[in-house]
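Notes for the one structure printed next.
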Number of protein chains: 4
Amino acid sequence: MEPGSRPSGRRKRTFIEEARRAQIVSAAIRTVAEAGYANASLARIAQHAGISKGVISYHFSGKDELMDRVVEQIYSTIADFVLPRVAEAPDERAALRTHILAVADYMRSNREQLLALAGIFNGVQTPVGAPRYRMAVSEPVYRAIEERLRAGQERGVLRDFDVRVMAVSLQSAIDGMFAYWVTHPDHDLDAHAAELAELIDRSARPDSADSAGST
Amino acid sequence: MEPGSRPSGRRKRTFIEEARRAQIVSAAIRTVAEAGYANASLARIAQHAGISKGVISYHFSGKDELMDRVVEQIYSTIADFVLPRVAEAPDERAALRTHILAVADYMRSNREQLLALAGIFNGVQTPVGAPRYRMAVSEPVYRAIEERLRAGQERGVLRDFDVRVMAVSLQSAIDGMFAYWVTHPDHDLDAHAAELAELIDRSARPDSADSAGST
Amino acid sequence: MEPGSRPSGRRKRTFIEEARRAQIVSAAIRTVAEAGYANASLARIAQHAGISKGVISYHFSGKDELMDRVVEQIYSTIADFVLPRVAEAPDERAALRTHILAVADYMRSNREQLLALAGIFNGVQTPVGAPRYRMAVSEPVYRAIEERLRAGQERGVLRDFDVRVMAVSLQSAIDGMFAYWVTHPDHDLDAHAAELAELIDRSARPDSADSAGST
Amino acid sequence: MEPGSRPSGRRKRTFIEEARRAQIVSAAIRTVAEAGYANASLARIAQHAGISKGVISYHFSGKDELMDRVVEQIYSTIADFVLPRVAEAPDERAALRTHILAVADYMRSNREQLLALAGIFNGVQTPVGAPRYRMAVSEPVYRAIEERLRAGQERGVLRDFDVRVMAVSLQSAIDGMFAYWVTHPDHDLDAHAAELAELIDRSARPDSADSAGST
DNA sequence: GATGAATGAGCCTTCATTCAT
DNA sequence: CATGAATGAAGGCTCATTCAT
């Protein structure tokens with residue numbers, strides 16, 4: 001019975017098997033980042049990993065599953081970096097600023113993951129046009145952000161905007177910042193992040209507030 | 001002598017040829033929207049247009065040129081709709097709001113163009129990962145927005161933010177709005193647009209201002 | 001009724017039609033010479049001639065007929081140059097030498113025709129592998145040469161070799177000379193021709209003869 | 001990791017892979033011989049070999065490499081047959097005769113190789129018209145022949161002709177003999193070869209010599 | 001007579017996937 | 001567990017040819 005063939009059966013994986021999967025996922029990230037999703041054939045990924053093409057098929061049910069794991073892995077790595085920092089912010093308004101700066105901070109040294117994500121997001125589309133990855137993966141992120149926003153609103157440090165719109169706009173602006181950075185490698189990412197944080201803060205703070213409290 | 005073989009010579013096109021090109025571009029938009037860039041093969045596009053595959057090669061030098069024309073066409077159509085409305089706004093601060101609402105207004109009835117654009121933007125990538133379309137095509141848009149922003153700053157209706165960051169963030173938030181709408185067809189696009197306009201206005205207006213002047 | 005559709009009906013051609021055919025044949029020669037037979041598409045030939053693709057199909061029944069006419073035309077032009085010179089040779093032994101030198105003389109200033117011929121000869125093959133052009137076109141040439149050789153044998157100025165083998169070898173050595181010249185443009189064609197003439201003379205002259213009589 | 005993708009690294013090949021490559025090369029020879037280079041598509045070659053089209057792409061980097069290997073293989077097979085016989089000849093003058101007879105002897109039972117070579121030589125052309133195969137492949141052959149000729153001249157068994165012209169003419173006459181034979185299957189190849197050997201001997205022997213010494 | 005337009009077959013290649021070893 | 005080998009579909013593209021205008 002092949003490992004990849006079980007959608008939910010979740011068999012225990014051997015250590016060596018996990019290692020191989022991690023190695024392949026990592027090679028996939030590098031490959032998509034370098035060559036784009038369209039050119040990231042299993043052959044090229046295997047070559048990057050220094051293994052044979054068949055191995056990938058053995059460990060993953062197909063290209064789709066591999067890409068799912070890639071996205072999963074990147075997201076969880078980002079979360080591991082960002083969440084602890086955000087948790088330390090004094091309040092939800094400050095957390096917004098921290099969130100933006102931390103993500104930028106992380107991505108500055110992990111461009112490959114950025115490129116891979118972007119490549120996969122738009123490269124893999126279901127026929128009906130609904131990008132399956134973006135949705136499946138973004139929803140939990142939106143939820144988490146919204147929860148924080150709502151808490152801030154209740155506590156009075158954030159004004160009463162639509163949390164979903166804010167979450168979507170925030171995430172989009174961050175993505176846009178990265179996209180711009182990718183095409184303009186000399187762009188000052190940290191300065192951009194700081195400026196964006198200011199924009200978001202102004203759009204989210206209560207009417208009476210000025211910007212004093214959040215730096 | 002095939003039409004597509006002229007690299008730059010810009011030969012005069014017959015009426016019927018223009019019609020065919022338009023028909024093919026339109027079919028390409030529909031196809032990319034429905035199936036994603038990766039699956040938008042010339043065969044499928046031809047099928048959508050009800051013509052033979054060779055016709056496309058006859059009228060366009062290749063898939064790349066076709067996609068260039070698609071992007072070009074969509075952008076100019078959007079501009080034709082949005083720019084006149086923006087020009088009527090009383091000042092640059094109001095223009096920001098108008099811009100967002102107008103684009104949303106247009107896109108509400110032109111979802112396909114949206115999907116096609118998104119598909120092409122990330123589907124066509126140069127090996128180094130720099131999406132060639134997005135950059136080439138976004139730059140003029142950024143420039144136009146920036147000019148307006150700077151004018152507003154000089155006139156004092158907008159505060160002194162970094163115009164490039166604002167332009168990128170604005171455009172991203174709009175794109176994000178559409179992306180969300182695409183995956184959530186029941187989402188209230190106009191309400192989202194109004195809310196986004198408010199966010200942007202708050203982040204762009206001078207410190208002393210309140211939201212009174214722009215509604 | 002289209003001109004090209006008559007295999008043997010030989011309708012009278014208008015002057016303008018003949019001009020077009022000549023123009024197309026000439027463009028075909030240039031194209032095959034430059035790009036090789038495989039790359040000499042009707043489109044490219046039409047482009048060379050500055051006319052539309054359809055014109056060729058109108059005047060010739062197909063690519064095959066066009067190529068037939070090309071070969072025909074080149075052969076007859078060569079014959080027009082070579083035969084008068086050969087006819088002036090004092091005897092058949094001298095004629096051999098003259099033949100070689102005259103052909104070389106002609107080809108030196110008509111490389112394109114050479115290249116075109118070579119391209120067509122091997123480019124167009126019938127499925128059974130018997131190059132149809134070479135045979136159909138070479139036979140009369142062999143016949144003419146053989147006739148002269150036989151006359152020389154009867155008159156005693158040539159020894160008693162197999163005339164067909166001599167004709168084939170002579171023609172091949174000439175072709176080989178040109179082929180070599182084509183790939184080595186700096187090669188001294190005239191010197192080669194003179195040397196080859198000596199080789200042939202030695203192999204064809206009667207046993208008792210020395211080379212004195214033929215220079 | 002596909003075998004064909006290694007540009008020069010010369011990886012060790014498995015036995016089974018070599019077998020497949022040989023099988024494909026052999027099928028290619030048969031196909032080109034039967035249908036001509038232009039019609040020898042990978043599809044037809046695969047069909048001849050009884051395998052799927054993809055297999056060829058798997059084992060060879062492309063059609064070009066396959067054809068290179070075909071030429072290589074044929075040449076080395078011919079050399080393996082001819083060279084030992086030539087080496088046994090008493091002197092260089094006799095070697096010339098042996099060379100012609102041996103090649104004819106070999107080709108008599110390997111017509112397909114002949115046809116394939118001819119097809120490839122002129123089928124594959126660089127745009128500038130310089131047949132890449134013929135030159136690259138013929139030069140070493142010319143060199144080898146010339147060396148022998150020069151040795152014969154120094155030893156006094158051959159007269160003092162231009163060795164390059166002789167090599168080209170000899171090779172051409174042999175090729176012409178085969179070409180004729182191909183189009184005239186009933187032609188007596190051995191008789192032709194004997195007659196050609198006589199022609200060459202006469203053109204190459206020293207002035208004083210008669211044909212006595214070489215029969 | 002000539003053209004632009006359209007066709008559809010065929011080309012070489014790449015690819016995800018399967019399978020025997 | 002891993003590999004090399006094979007498959008067959010699909011991709012973009014070129015081409016000779018046909019035909020209405």
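Just so it is clear, the model here is predicted, and its values are computed rather than measured.
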Could you state the atom-to-atom distance from [atom1] of [X] to [atom2] of [N] in whole Å?
X: A:F60; N: E:dT18; atom1: CZ; atom2: C1'; answer: 18 Å
X: D:Q47; N: E:dG10; atom1: CD; atom2: P; answer: 11 Å
X: D:D64; N: E:dT13; atom1: CG; atom2: C1'; answer: 12 Å
X: D:L66; N: E:dC11; atom1: CG; atom2: C1'; answer: 15 Å
X: D:F15; N: E:dT21; atom1: CZ; atom2: P; answer: 15 Å
X: D:E18; N: F:dA5; atom1: CD; atom2: P; answer: 10 Å
X: C:I24; N: E:dG1; atom1: CD1; atom2: P; answer: 13 Å
X: A:E65; N: E:dT17; atom1: CD; atom2: C1'; answer: 15 Å

> Counting only side-chain N and O atoms of D:H59, is one of them less than 4.0 Å from OP1 or OP2 of F:dA6?
Replying inline: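 For F:dA6, OP1/OP2 do have a side-chain N/O of D:H59 under 4.0 Å.
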Could you go over nucleotides 7-11 of chain F and give all protein N or O partners under 3.5 Å, atom names and distances?
| from | atom 1 | to | atom 2 | distance (Å) |
| --- | --- | --- | --- | --- |
| F:dT7 | OP2 | D:S52 | N | 3.1 |
| F:dG8 | N7 | D:S52 | OG | 3.4 |
| F:dG11 | OP1 | B:S41 | OG | 3.1 |

>> Evaluate A:V25 against A:F60 for side chain to side chain contact (heavy atoms under 4.5 Å, CB included), listing each step before the verdict.
In response: CA-CA 10 Å; A:V25 164; A:F60 298 89; 4.1 Å; yes
Heavy-atom check, side chain of [X] versus side chain of [Y], under 4.5 Å:
X: A:T31; Y: A:N39; value: no
X: D:V32; Y: D:M67; value: yes
X: B:L117; Y: B:V70; value: no
X: D:Y58; Y: D:R20; value: no
X: D:I74; Y: D:I120; value: no
X: D:I51; Y: D:Q23; value: yes

> How is the base pairing of DNA chain F summarised as a dot-bracket string, given the Watson-Crick and G-U wobble criteria with both distances under 3.5 Å, [ ] for crossing and | for another strand?
Replying inline: .||||||||||||||||||||
> Is the shortest side-chain N to carboxylate O distance from B:R69 to B:E72 below 4.0 Å?
Replying inline: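 Judged by the 4.0 Å cut-off on N to carboxylate O distance, B:R69 and B:E72 do form a salt bridge.
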> How would you list, by chain and number, every residue that makes a side-chain contact (heavy atoms from CB on, under 4.5 Å) with D:A43, sequence neighbours excluded?
Replying inline: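 For D:A43, the residues satisfying side-chain contact (heavy atoms from CB on, under 4.5 Å) (neighbours in sequence not counted) are D:S41, D:K53.
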> Base, sugar-phosphate, or nothing for A:I56, non-hydrogen atoms under 4.0 angstrom?
Replying inline: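 Since no nucleic acid heavy atom lies under 4.0 Å of A:I56, the category is nothing.
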